[in-house]
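Quick caveat, the model's predicted, so the values are computed rather than measured. Residues: numbered from 1 along the sequence shown. Counting starts at 1 for both ligands and their atoms, following the listed order.
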Amino acid sequence: MGLKLTAEEKEMLEGKHGKAIRKAMEIITTLGEIYGAERLIPVTSVQIAGVSYHNLGEAGLEYLSEMAEDGQARVLTTLNPAGMDMLEWKKHGISADFAENQQRVVDAFARMGVVTTCTCTPYLIGNLPHYGEHIAWAESSAVCFSNSVIGALTNREGGPSALASSLTGKTAEYGFHLEKNRMAQVGYEIQTGLHNTDDFGLLGKVIGDRTGKKIPYITGVPQATTGQLRSFCASIATYGGVALFHMEGITPNRTRVPEITEIVTQENLDQARQELDDDAAEIDFISVGCPHASINDIAKIADMLDGKQVTEGKTVWITTAKPTKDMAIKMGYYDKIEKAGAYLVSDACCAVAPLEGRFKGLMTDSAKACYYARGKNKFDIKIRTVDECIKEALV
Ligand code: F3S
């Protein structure tokens, strides 16, 4: 059949709507042709990854600046975490050079009309699609959450293709935009209890390691909080590249039940914890809020830290979105956290900030944060509950 474009889409591709839109259309139509799309479809929400100057570098920044010459976001668009808290970077040990470059990146997005709050949980701060809505998101944990928990439809976009969708309001109809590609392929029966975010992260690692990119159908999880599902999404997307799963009784998609079902036991989770834990890890960095923390998470942590003091030599980051931090300031949580010597860091996270060489050992409740701490920043790691992480900060 081939990819058919409307008259307006053809004009966009021919450059009649400007240079940036032409480039954006080239990206979208090229992807559409590669993946056999027959048409483009409108999207209502975009989330762009690749925002940290640490990952983007000068070449990436140049590309953005060019797109910003005449490109404008057509739909609600937010950003993934940047390499630093855009306001309080200095006290987190970020260099002035890095801060200047990171600001240039965010400014380029701002010129395009992108909402420059930088978070991997955009659905917590107003970029919230509904069931069945077509969107173009890039951050793997958010893609998995939107496809699986919300039931919106998105492929895992790259930074440039997400920006292209923002500037055109379109994406090519292939992959997870088609119901037929959203059917579960392998069943997983969970034969153990899951209690905290770290357990859900470990489950994500166990299933992710086994399933690769195959869509899981998960049974045996009687209930899960939004925070636990966030942790699971981040982990299963990291260890398995999963962009969509079905969890019986919890997620909303219609699917058929696969014929083959694998069992996941407590032993499997213990094994995953062992694989992540470095026994000799000397913990000098504690980071929670991967994916970015909700106001409820922050309220609980503020309570745990109230009147206490973080031990000298330890650094604590609680990472979140800027609007959530603003709410935490209003509610007095920020003061409790910062008076205790911990940092409420917005717009950034421990994986995309330039932290290599700064710490020896990270304790976190997030299996995804473990992956990047070990692989990218060369820290030793331990995965524990949020309570245990905060306790560790105080001893
Ligand atoms: Fe979000 Fe950073 Fe974790 S982008 S999912 S907090 S690694």
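The atoms of ligand 1 that sit less than 4.0 Å from any heavy atom of Lys368 are 5 (S), 7 (S). In the vicinity of Ala351, heavy-atom distances shorter than 4.0 Å reach the ligand 1 atoms 7 (S). Atoms of ligand 1 found under 4.0 Å from any heavy atom of Pro81, numbered from 1 in the order shown, are 4 (S). Close contacts between ligand 1 and Ser141 involve ligand atoms 5 (S) [criterion: under 4.0 Å to a heavy atom].
For atom 6 (S) of ligand 1, the closest heavy atom belonging to the protein is Cys349 CB, 3.4 Å. Among all protein heavy atoms, the one lying closest to atom 3 (Fe) of ligand 1 is Cys290 SG, 2.3 Å.
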- prompt: Do Lys19 and Glu69 pass the salt bridge (charged side-chain N to carboxylate O under 4.0 Å, His left out) test, and can you show the C-alpha distance, the side-chain angles, and the key distance before you say yes or no?
  reply: CA-CA 8 Å; Lys19 256 183 352 179; Glu69 279 170 21; 2.9 Å; yes
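The distance between the ring centers of Tyr123 and Phe145 falls below 6.0 angstrom.
In this pair, Phe285 and Phe359 present their aromatic rings parallel. The plane angle is below 30°, not in the 30 to 60° band.
Among the atoms of Cys120, an N, O or S atom falls under 2.8 Å from atom 1 (Fe) of ligand 1.
The number of heavy atoms from other shown groups lying within 6.0 Å of CD (Gln223) does not exceed 12. For Arg374, the CZ atom counts as densely surrounded, since its 6.0 Å shell holds more than 12 non-hydrogen atoms of other residues, nucleotides or ligands. Under a cut-off of 6.0 angstrom, the local environment of NZ in Lys314 is crowded, with over 12 non-hydrogen atoms contributed by other residues, nucleotides or ligands.
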